[in-house]
Number of protein chains: 2
Amino acid sequence: MEAGNETERTADEAQLESARDEFVTQWGAIGSAWGINRTMAQIHALLLITPKALTTDEVMEELKISRGNAHMNLRELVGWGLVRSVVRKGERKEYFEAEKDVWKMFCIIVRERKRREIRPAIGVLKDCIERVEGLKSSEAQLFTQQTRALCEFMEMADGVLSKVARSEQSSVVPWALKFLK
Amino acid sequence: MEAGNETERTADEAQLESARDEFVTQWGAIGSAWGINRTMAQIHALLLITPKALTTDEVMEELKISRGNAHMNLRELVGWGLVRSVVRKGERKEYFEAEKDVWKMFCIIVRERKRREIRPAIGVLKDCIERVEGLKSSEAQLFTQQTRALCEFMEMADGVLSKVARSEQSSVVPWALKFLK
DNA sequence: TTGTGTTTTCAGTATTTACTGAAACAACAG
DNA sequence: CTGTTGTTTCAGTAAATACTGAAAACACAA
């Protein structure tokens, strides 16, 4: 009963294969809703659920994408720090593997988004605030008030995220959770 | 010295105007980095810094966009709850105004993104986990492990965000901030 | 009912974004 | 140096996304 014959093994593999495909596809869709290139999210998903490191060619093959596409998106993922490139001694090929620890992944994403998007946004807001300094019209008043509020909010968010991401361990947040109402 | 003559007033207005434009443009860029349609973010920015409610025509005029574009994006913003439509008695025109409280804005965005993106993502993950239940291969093991970890993480995030967004007041987070390291 | 002002829809088009594939390049082995 | 294997670049193209403008639908008044 427990013995897997060839037919059964194939069925199991097909089942896993289809779940993996589903995961990769959906992770791509989720990524693109958050402003991340679909293919990049799919490669990330693929590497997340693959035990061994993969070559560019294997990624191309799995996702049916071109070399250029695979290459550029792998580089981008390495740039984010979500994927590491591995070189095996004696081999000339480059291999890629994802950071698999979910909490580390989260910290990396938080840090990068802070750096790439939140910080610049705060800069823009400060610039806008400066530009209207001293203006007295009611339009100017509201403008200053709104941009100030937005700026303060983002600085606060930046602070919270820094602390959460710096802790590098999942224990802090669940703990803080208890205190939150 | 403090008296604003016409020339000065015009200069001030130009200064404000340019800061407003900058804000609207940059807010659009920021939005699109987070997966939000640029025009929608710009309309939102415009309404955020405009004291009075605006008509579709005024939005079209300010942003130099077509009626269809303005209309659809205003509807989308109303759908998110970030903008309210106001009807003035005796007038047939529809006016639009943004929710200006930054904390409320944040809560709305969190709630909507939870509903539209985090919840569905959790659903997908659960589905993937179910599909490979009982499979024993090492590939299947890693797959289950990763999807489980991801799923648990997102459920935790969902919980944290629910609590933060439910509180409806900015006081809780700054307070929690102290406890975070 | 007909006219007037307003909102809504959507086919066609424009713009932006992403991808392909081939050529150039780099690293190394013989 | 020459061939082999692997990486990088990027011009051209495809796909996805967003926008326009005009027509249809709607709501109300006269």
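Numbered from 1 within each chain, the chains take letters A, B, ... in sequence-line order.
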Separation of I65(B) atom CD1 from dA22(D) atom C1', in whole Å? 17 Å

Rounded off to whole Å, could you give me the CD-to-C1' distance for the E94(A) and dT7(D) pair? 8 Å

Checking R67(B) against T56(B) for the side chain to side chain donor-acceptor pair (under 3.5 Å) test, could you report, in this order, the C-alpha distance in whole Å, the side-chain angles of both residues, the deciding distance, and whether it holds? CA-CA 7 Å; R67(B) 180 171 306 284; T56(B) 302; 5.7 Å; no

Closest of dC10(C), dC19(C), dT7(C) to the N69(A) side chain is dC19(C)

Please work out which of the three classes, parallel, tilted or perpendicular, describes the rings of W103(B) and F106(B), given edges at 30° and 60°. tilted

Quick one: R38(A) CZ to dT16(C) P, roughly how many Å, whole number? 20 Å

Please tell me which of the listed nucleotides, dT7(C), dC10(D), dA18(C), lies nearest to the side chain of M72(A)? dC10(D)

Could you tell me the separation between the CE atom of M60(A) and the C1' atom of dT5(D), rounded to a whole number of Å? 14 Å

From the candidates dC19(D), dT20(C), dT8(D), the one with an atom nearest any side-chain atom of R75(A) is dT8(D)

Among dT8(C), dC10(C), dT20(D), the one nearest S66(B) by side-chain distance: dT20(D)

Can you tell me whether the side chain of R92(B) and the base of dT6(C) have a donor-acceptor pair closer than 3.5 Å? no

Can you measure K93(A) atom NZ to dA27(C) atom C1' for me and round it to whole angstrom units? 14 Å

N/O (side chain, H71(B)) to phosphate O (OP1/OP2, dT7(C)) under 4.0 Å: no

Full working for side-chain contact (heavy atoms from CB on, under 4.5 Å) between L46(B) and L54(B): CA-CA 10 Å; L46(B) 174 64; L54(B) 299 181; 3.9 Å; yes

So, is N73(B) near the phosphate of dA18(D), with a side-chain N or O under 4.0 Å from OP1 or OP2? no

E61(B) CD to dT20(D) P: how many Å, rounded? 13 Å

Taken to the nearest whole Å, CD/E91(A) to C1'/dT5(D) is 12 Å

With nearest nucleotides of DNA chain D determined for Y95(A) and S32(A) from heavy-atom distances, which residue corresponds to the more 5′ nucleotide? Y95(A)

Show your working on side-chain contact (heavy atoms from CB on, under 4.5 Å) between E22(A) and S18(A) and close with a plain yes or no. CA-CA 6 Å; E22(A) 167 83 355; S18(A) 101; 6.0 Å; no

For the pair made of CD1 in I43(B) and P in dC19(D), what is the distance, rounded to whole Å? 9 Å

Does some side-chain heavy atom of R20(A) sit less than 4.5 Å from a side-chain heavy atom of F143(B)? yes

So what does D57(A) hit on the nucleic acid, given a heavy-atom distance under 4.0 Å: a base, only sugar-phosphate, or nothing? nothing

